[in-house]
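Notes for the one structure printed next.
Naming: A, B, ... by sequence-line order, numbering from 1 per chain.
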2 protein chains.
Amino acid sequence: MIRTVMVVEDDDAIRMVLRTNLEDEGYRVLEATTAEQGLVIVQDEQPDVVLVDLRLPGIHGLDLVRSLRATSQVPIIIVTAQTDSHDVVAGLEAGADDYVTKPFVAKELMARIRTQLRRSAPPEEGEEELVCGPIELHPDTAEVMRGGEQVPVSRIEFFVLAELIGAKGRVLSRDHLLRKVWGYGNAGDGRVVDNLIYRLRNKIEDDPANPELLLTVRGFGYRMKA
Amino acid sequence: MIRTVMVVEDDDAIRMVLRTNLEDEGYRVLEATTAEQGLVIVQDEQPDVVLVDLRLPGIHGLDLVRSLRATSQVPIIIVTAQTDSHDVVAGLEAGADDYVTKPFVAKELMARIRTQLRRSAPPEEGEEELVCGPIELHPDTAEVMRGGEQVPVSRIEFFVLAELIGAKGRVLSRDHLLRKVWGYGNAGDGRVVDNLIYRLRNKIEDDPANPELLLTVRGFGYRMKA
DNA sequence: GCCGCATGTCGCAAGACTGTCGCAGGTAGG
DNA sequence: CCTACCTGCGACAGTCTTGCGACATGCGGC
């Protein structure tokens with residue numbers, strides 16, 4: 001079954017990234033740049049989840065949340081730049097089901113969307129196994145195991161590894177990783193990825209200088225051993 | 001068997017939080033914002049439990065309780081902002097089976113609902129065992145045992161521990177705990193959880209500085225030892 | 001072999017994250 | 001009224017994370 005996600009966000013760059021990520025996950029994506037537009041489209045199209053930015057031109061995102069809640073039970077996730085907990089709490093009180101603050105980790109946002117969807121649509125097929133050679137990822141505990149022993153990795157390292165292993169040996173470009181993991185406009189240039197790969201190798205490879213698991217594909221990007 | 005819970009509450013934010021928590025517990029949720037609506041839906045749908053707010057627009061919650069009691073034996077739990085014991089006593093006399101005052105601890109409300117359900121549907125499968133290493137939770141008595149000895153913990157500490165142990169080793173984010181335990185509006189942001197964890201550790205860990213049961217997962221949240 | 005570019009390597013510093021603790025208002029019980 | 005406790009809050013310090021830049025290295029084409 002194809003699910004529809006509605007994005008209400010005025011910043012073109014962020015909306016773009018969200019759309020790309022959502023489409024990659026197989027969702028149909030609807031977009032709106034204002035609260036008014038969003039309200040109409042939601043009622044028209046009955047999406048399965050709505051992402052709402054708080055800072056919108058004109059009507060504030062909060063009011064949009066309240067309006068939506070008044071007429072619909074669609075799961076609402078607030079995506080806001082306000083780290084100010086004020087807006088966030090107000091958002092939840094207004095009836096949102098979850099919130100994510102920018103800069104967000106795109107993979108995490110996707111996971112949260114899945115969670116909201118699960119509520120409205122029962123049990124999907126089990127989580128994908130995240131295993132590659134001696135490396136094993138446990139999303140439940142956010143732990144990475146290597147041959148049975150735990151390897152401490154940071155939040156972002158975890159998500160990058162998850163993305164790579166999930167790709168099952170396919171090459172992923174730096175851009176792809178930037179968009180999927182870092183998520184958005186993170187103008188941060190390419191080397192960030194290189195760095196992270198370097199650090200990951202130091203943690204999961206026997207000989208980080210001669211990687212056997214996390215391979216470089218010159219000119220394209222990185223991939224896990226098949 | 002899927003149980004149905006009816007929520008009669010006019011405040012959108014609170015109703016939302018209740019719905020989220022109830023659905024997470026696996027209940028089907030019906031909502032009404034007025035007594036009239038509630039009465040109709042209850043007779044229509046025969047829910048297994050009804051939550052009633054006392055302050056409702058129009059007909060008062062108390063009258064709704066009386067009306068319900070006149071025609072049904074469905075367990076009724078009053079959820080009220082009135083700490084004023086007046087209304088509460090009146091509510092119980094009107095035929096309610098239990099009451100919870102706001103701000104309530106979400107997990108506690110869920111527990112009370114289970115209790116009411118147990119009455120109407122006798123032998124379910126036993127309660128989930130809330131045990132983790134030397135720690136043992138007794139929901140009936142709200143006691144925490146550690147290696148056979150009782151550890152005094154506060155109300156909220158108890159529910160946080162219950163949530164964590166119930167998660168069986170999975171990581172729970174601060175957000176998750178805030179919503180599941182504190183339940184709502186608790187404008188209080190982040191550090192509240194950290195503090196509570198700190199206090200819990202002082203009570204249940206041998207060496208609180210090097211926790212072995214209640215673990216931190218940096219960047220994600222907390223979890224119990226598997 | 002030489003050059004240019006892609007990638008590896010590493011240290012740094014800002015800032016994020018968490019642990020720790022004292023304080024104060026609130027509540028319950030006496 | 002007093003006391004004890006619960007609970008949220010803020011401050012501070014220590015640790016870890018992470019983007020960045022600089023330089024080294026290696027690959028591929030000529």
What is the distance from CD of A/Glu157 to C1' of C/dC17, rounded to the nearest Å?
15 Å
Taking CZ from B/Arg201 and C1' from C/dC21, how many angstroms apart are they, rounded to a whole number?
15 Å
Please state whether the phosphate of D/dT18, meaning OP1 or OP2, lies under 4.0 angstrom from any side-chain nitrogen or oxygen of A/Ser154.
yes
Once you measure the plane-to-plane angle for A/Phe159 and B/Phe220, does it fall in the parallel (<30°), tilted (30-60°) or perpendicular (>60°) bin?
tilted
Only one of A/Glu136, A/Met145, A/His138 clears side chain to side chain contact (heavy atoms under 4.5 Å, CB included) with A/Gln150; which?
A/Met145
Measure CZ/A/Phe220 against P/C/dC5 and give the value in whole Å, please.
18 Å
Under a 3.5 Å cutoff, is there a donor and acceptor pairing between the side chains of B/Thr20 and B/Arg15?
no
D/dT18 OP1/OP2 closer than 4.0 Å to side-chain N/O of A/Trp182
no
Can you tell if the side chain of A/Glu205 reaches within under 4.5 Å of the side chain of A/Leu214, non-hydrogen atoms only?
yes
Select one nucleotide: of D/dG10, D/dG19, D/dG8, the one nearest the side-chain heavy atoms of B/Asn195.
D/dG10
Can you measure B/Leu200 atom CG to D/dG8 atom P for me and round it to whole angstrom units?
12 Å
Distance (rounded to the nearest 0.5 Å) between A/Ser154 OG and B/Arg218 CZ
9.5 Å
Do NZ/NE/NH1/NH2 and the carboxylate oxygens of A/Arg174 and A/Asp194 come within less than 4.0 Å?
yes
Taking 4.0 angstrom as the limit, do B/Asp97 and B/Arg69 come out as a salt bridge?
yes
Specify the residue among A/Arg155 and A/Asn210 whose closest nucleotide of DNA chain C lies further upstream toward the 5′ end.
A/Asn210
Rounding to an integer number of Å, can you tell me how far A/Arg174 CZ sits from D/dG19 C1'?
16 Å
Carboxylate-amine/guanidinium proximity below 4.0 Å for A/Glu9 and A/Arg19
no
Quantified as the angle between the terminal helix axes (five pairs each), what is the overall bend of the helix from C/dG1-D/dC30 to C/dG30-D/dC1 to 10 degrees?
30°
Protein-nucleotide distance (A/Glu205, atom CD; C/dG8, atom C1'), rounded to Å:
13 Å
Should A/Asp206 and A/Arg146 count as an ion pair when the cut-off is N to O under 4.0 Å?
yes
Do nucleotides 23-30 of chain C as a string where each nucleotide becomes B, S or -: B if the base has a protein heavy atom under 4.0 Å, S if just the sugar-phosphate does, - if no protein is that close.
--------
Using atom NZ of B/Lys203 as one end and atom C1' of C/dG19 as the other, report the distance to the nearest whole Å.
17 Å
Between C/dT7, C/dT20, D/dC9, which one does the side chain of B/Ala209 approach most closely?
C/dT20
Using atom names, set out every protein N or O paired with an N or O of nucleotides 23-27 of chain D below 3.5 Å, distance rounded to 0.1 Å.
from   : atom 1 : to       : atom 2 : distance (Å)
D/dG26 : N2     : A/Arg218 : NH2    : 3.1
D/dC27 : O2     : A/Arg218 : NH2    : 3.4

Measure the shortest side-chain to side-chain distance between B/Ile77 and B/Val49 over non-hydrogen atoms and say whether it is less than 4.5 angstrom.
yes
For C/dG19, take OP1 and OP2 only and decide whether either is under 4.0 Å from a side-chain N or O of B/Thr216.
yes
Between D/dG14 (P) and B/Asp194 (CG): distance, integer Å
18 Å
Would one find a side-chain N or O of B/Tyr198 under 4.0 angstrom from OP1 or OP2 of C/dC21?
yes
Indicate yes or no: does A/Glu157 engage A/Lys203 in a salt bridge with an N to O separation below 4.0 Å.
yes
Does any non-hydrogen side-chain atom of B/Ile113 lie less than 4.5 Å from one of B/Arg3?
no
Check the phosphate of C/dG19 against B/Tyr222, side-chain N and O only, distance under 4.0 Å to OP1 or OP2. Yes or no?
yes
Nearest heavy atom decides the nucleotide; on that basis, is A/Ile156 or B/Leu196 closer to the 5' end of DNA chain D?
B/Leu196
